[in-house]
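Numbers for residues simply follow the sequence, beginning at 1.
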Amino acid sequence: MFDRRYFRYFDWLSFGLTIILLSIGLLFVFSATYTPEKPFSLFFKKQLGGALSGLCIYFFFCIKDLRKLARWGYFSYFAILALLLYTMIGGLIGMGAKRWVSIYFLRFQPSELAKLFLPVFVACSLSELEQPKYRSNTLSPHNFVRPVGILFFSFLIILKQPDLGTALIILFSGLILFWFVGIDKRFFLVLGLIGLLGAPLFWRCLKPYQQNRILVLFGQGDARKERYQVEQSKIAIGSGGLMGKGLLRGTQNKLQFLPEDHTDFIFSVICEELGFLGGVAVLTLFALLFVRLIFVILQLKSLFDQIIGVGLLIHVLLSACINVAMVTGMLPIVGIPLPLVSYGITNLWITLASLGWLNNIAIRRFYY
């Protein structure tokens with residue numbers, strides 16, 4: 001496990017980019033929660049502890065045998081589904097949603113764990129597709145009945161919490177995996193038709209505040225009520241100009257005009273304090289990380305490893321894209337944090353576990 005090959009093939013580039021983004025996140029959680037009376041806030045201390053423990057999780061998933069991880073992850077997904085069902089009954093309520101489970105001193109979101117283990121469940125469910133007879137033809141939907149059923153079940157119980165953002169990440173991640181493996185295109189055509197015809201029913205199932213967030217995207221809502229959060233985010237981003245106001249000098253977050261400045265809207269704080277160039281630099285770091293990991297996945301010879309790799313990458317990629325689009329007003333606000341940067345211990349752990357697992361795959365592609 002720790003021979004020379006391990007250190008030789010360790011993906012130092014993706015790890016370095018991960019550390020840089022993690023450090024930026026700590027810096028701006030500190031900045032967003034800083035006060036002269038209490039410079040190091042409780043949020044910063046928790047995030048720092050989460051980052052240090054998250055790096056341990058990163059290396060755990062990085063050095064663990066891939067086959068054992070796959071077996072463990074497949075059965076873990078069923079335990080996660082049980083936890084999600086329990087959350088609906090005995091979960092903890094926070095900010096109007098029942099998303100958290102408390103086990104002794106540990107409080108976490110089971111829906112975040114679903115992001116990590118869904119790719120393994122799909123890969124194990126479709127492991128027979130490694131056979132040559134499946135690779136030469138388009139795969140029919142009946143090959144996907146069980147994983148598709150589990151995917152939509154996961155989507156519905158997470159949506160019920162309610163957690164629309166995470167539910168959509170799970171749904172899109174699963175559908176992208178099915179597309180990647182090669183499910184018949186008719187599946188997506190039928191699914192799109194069902195979605196189109198069922199849109200009015202889906203709209204009625206949304207909570208009033210979720211409906212308002214979608215309406216805000218189309219210019220509706222009061223600037224002091226429904227539009228307040230996104231308007232303040234745009235003001236923060238625009239006021240930063242080209243070079244920014246400087247660290248700890250952002251007025252929108254310091255004067256508490258910007259809600260959730262250390263969580264979902266931390267990218268607005270970055271743009272206000274570092275300006276357009278700082279925002280572009282952060283996006284460039286994410287782009288380099290994603291391009292590097294895509295390059296690694298393209299080098300994999302095993303379909304099984306490719307499915308896991310794509311699944312682990314896609315939820316991080318989707319979260320980053322949706323968060324940036326959300327805080328700039330291009331998508332509705334759905335409560336998705338910016339990976340590695342936003343405050344949130346569970347999301348940070350899951351992101352680092354996914355990236356550690358991907359580094360493990362990058363290393364082992366030279367072993368097998």
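Within the 4.5 Å cutoff, no side-chain heavy atoms of Val324 are placed close to those of Met330. Side-chain atoms of Gln229 and Glu260, non-hydrogen and from C-beta on, do get closer than 4.5 Å to each other. Counting only heavy atoms from C-beta outward, the side chains of Leu26 and Gln47 approach each other to under 4.5 Å. Between Ile350 and His315 the shortest side-chain heavy-atom distance falls below 4.5 Å. Side-chain atoms of Leu22 and Leu348, non-hydrogen and from C-beta on, do get closer than 4.5 Å to each other. Side-chain contact between Asn253 and Phe28 is absent, with no heavy-atom pair separated by less than 4.5 Å. Using a 4.5 Å heavy-atom cutoff, the side chains of Leu247 and Tyr34 are not in contact. Proximity of Trp72 to Leu69: side-chain heavy atoms (C-beta onward) are separated by under 4.5 Å at one or more points.
Under a 3.5 Å cut-off, the side chain of Ser14 and the backbone N or O of Asp11 do form a donor-acceptor pair. With Trp203 contributing its side chain and Gln211 its backbone, the two residues share no donor-acceptor pair below 3.5 Å. A donor-acceptor pair under 3.5 Å links the side-chain atoms of Tyr228 to the main chain of Phe257, judged by distance alone. No donor-acceptor pair under 3.5 Å is formed between the side chain of Asn323 and the backbone N or O of Ser319. In this structure, Arg213 contributes its side chain and Ile333 its backbone to a donor-acceptor pair below 3.5 Å. A donor-acceptor pair is defined here as one N or O able to donate and one able to accept, closer than 3.5 Å; such a pair exists between the side chain of Asn360 and the backbone of Lys64.
Leu274 contributes atom CG, which lies 11.5 Å from atom CG of Leu242 (distance to the nearest 0.5 angstrom). One distance of note links CG of Asp305 with CG of Leu358; it measures 10.5 Å at 0.5 Å rounding. Note that CD1 of Ile24 and OG of Ser31 are 13.0 Å apart. Values are rounded to the nearest 0.5 Å. Phe155 CZ to Ser111 OG: the interatomic distance, rounded to the nearest 0.5 Å, is 13.0 Å. Separating the CG atom in Asn212 from the CD atom in Gln220 is a distance of 9.0 Å, to the nearest 0.5 Å. Rounding to the nearest 0.5 angstrom, the gap separating the CZ atom in Phe121 from the OG atom in Ser76 is 12.5 Å.
Atom CE of Met243 has 12 or fewer neighbouring heavy atoms from other residues, nucleotides or ligands inside a 6.0 Å radius. Remark: Tyr86 OH is loosely packed, at most 12 non-hydrogen atoms of other residues, nucleotides or ligands lying under 6.0 Å away. Around NZ of Lys234, the count of heavy atoms belonging to other residues, nucleotides or ligands within 6.0 Å exceeds 12. The neighbour count for Lys245 NZ, taken as heavy atoms of other residues, nucleotides or ligands under 6.0 Å away, is above 12. Around atom CZ of Phe152, more than 12 heavy atoms belonging to other residues, nucleotides or ligands sit under 6.0 Å away.
Listed here is the closest heavy atom pair of Phe40 and Lys45: O-CE, 3.4 Å. Of all non-hydrogen atoms in Val120 and Ala70, the two that sit nearest each other are CG1-O, 3.2 Å. Contact record, Pro337 with Ser342: CB-CB, 3.6 Å, taken as the closest heavy-atom pair. Shortest non-hydrogen contact noted between Phe265 and Leu258 is O-CD2, 4.0 Å. Residue Cys62 comes nearest to Phe10 through the heavy atom pair SG-CE1, 3.7 Å, listed as atom of the first residue, atom of the second, then distance. When all heavy atoms of Ser354 and Leu116 are compared, the closest pair comes out as OG-CD1, 3.4 Å.
Transitive grouping of hydrophobic side chains (ILVMFWY, heavy atoms separated by less than 4.5 Å) keeps Ile235 and Ile237 in distinct clusters. A chain of hydrophobic side-chain contacts below 4.5 Å, direct or via other Ile, Leu, Val, Met, Phe, Trp or Tyr residues, connects Ile57 to Tyr343. Side-chain heavy atoms closer than 4.5 Å link hydrophobic residues (I, L, V, M, F, W, Y) into clusters, and following such links, even through other members, never connects Leu201 to Leu193. Val269 and Leu255 fall into different hydrophobic clusters, where Ile, Leu, Val, Met, Phe, Trp and Tyr side chains are chained together by heavy-atom contacts under 4.5 Å. With hydrophobic clusters built from ILVMFWY side chains whose heavy atoms lie under 4.5 angstrom apart, Leu17 does not share a cluster with Val291.
Remark: the Ser173 side chain and the Lys115 side chain contain no N/O donor-acceptor pair separated by less than 3.5 Å. For the residue pair Tyr77 and Ser154, a side-chain donor N or O sits within less than 3.5 Å of a side-chain acceptor on the partner. Side-chain polar atoms of Ser239 and Gln252 form no donor-acceptor pair below 3.5 angstrom.
For the side-chain hydrogen bond (donor to acceptor under 3.5 Å, both in side chains) test with Tyr58, the passing option among Asn359, Thr18, Thr351 is Asn359; the others fail.
Checked against the 6.0 Å centroid criterion, the rings of Phe187 and Phe144 do not qualify as a close aromatic pair.
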Exercise for the section: Could you go through the side-chain contact (heavy atoms from CB on, under 4.5 Å) check for Ile322 and Leu168 one step at a time? Expected result: CA-CA 10 Å; Ile322 292 174; Leu168 289 174; 5.9 Å; no

Exercise for the section: Report the C-alpha distance between Thr263 and Phe43 in whole Å, list the side-chain angles of each, state the deciding distance to 0.1 Å, and finish with yes or no for side-chain contact (heavy atoms from CB on, under 4.5 Å). Expected result: CA-CA 10 Å; Thr263 55; Phe43 292 114; over 6 Å; no

Exercise for the section: Just do the side-chain contact (heavy atoms from CB on, under 4.5 Å) check on Leu159 and Leu171 with the steps written out, would you? Expected result: CA-CA 10 Å; Leu159 183 65; Leu171 179 63; over 6 Å; no

Practice task
Quick one: do Ser268 and Asp261 satisfy side-chain contact (heavy atoms from CB on, under 4.5 Å)? Show the steps, please.
Solution key: CA-CA 7 Å; Ser268 305; Asp261 52 358; over 6 Å; no

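Ring planes of Tyr74 and Phe78: perpendicular class, angle over 60° (limits at 30 and 60°). Using cut-offs of 30° and 60° for the angle between ring planes, the Phe61 and Phe117 rings count as tilted. Between Phe30 and Phe44, the angle of the ring planes goes over 60°, which puts this pair in the perpendicular group of the 30/60° scheme.
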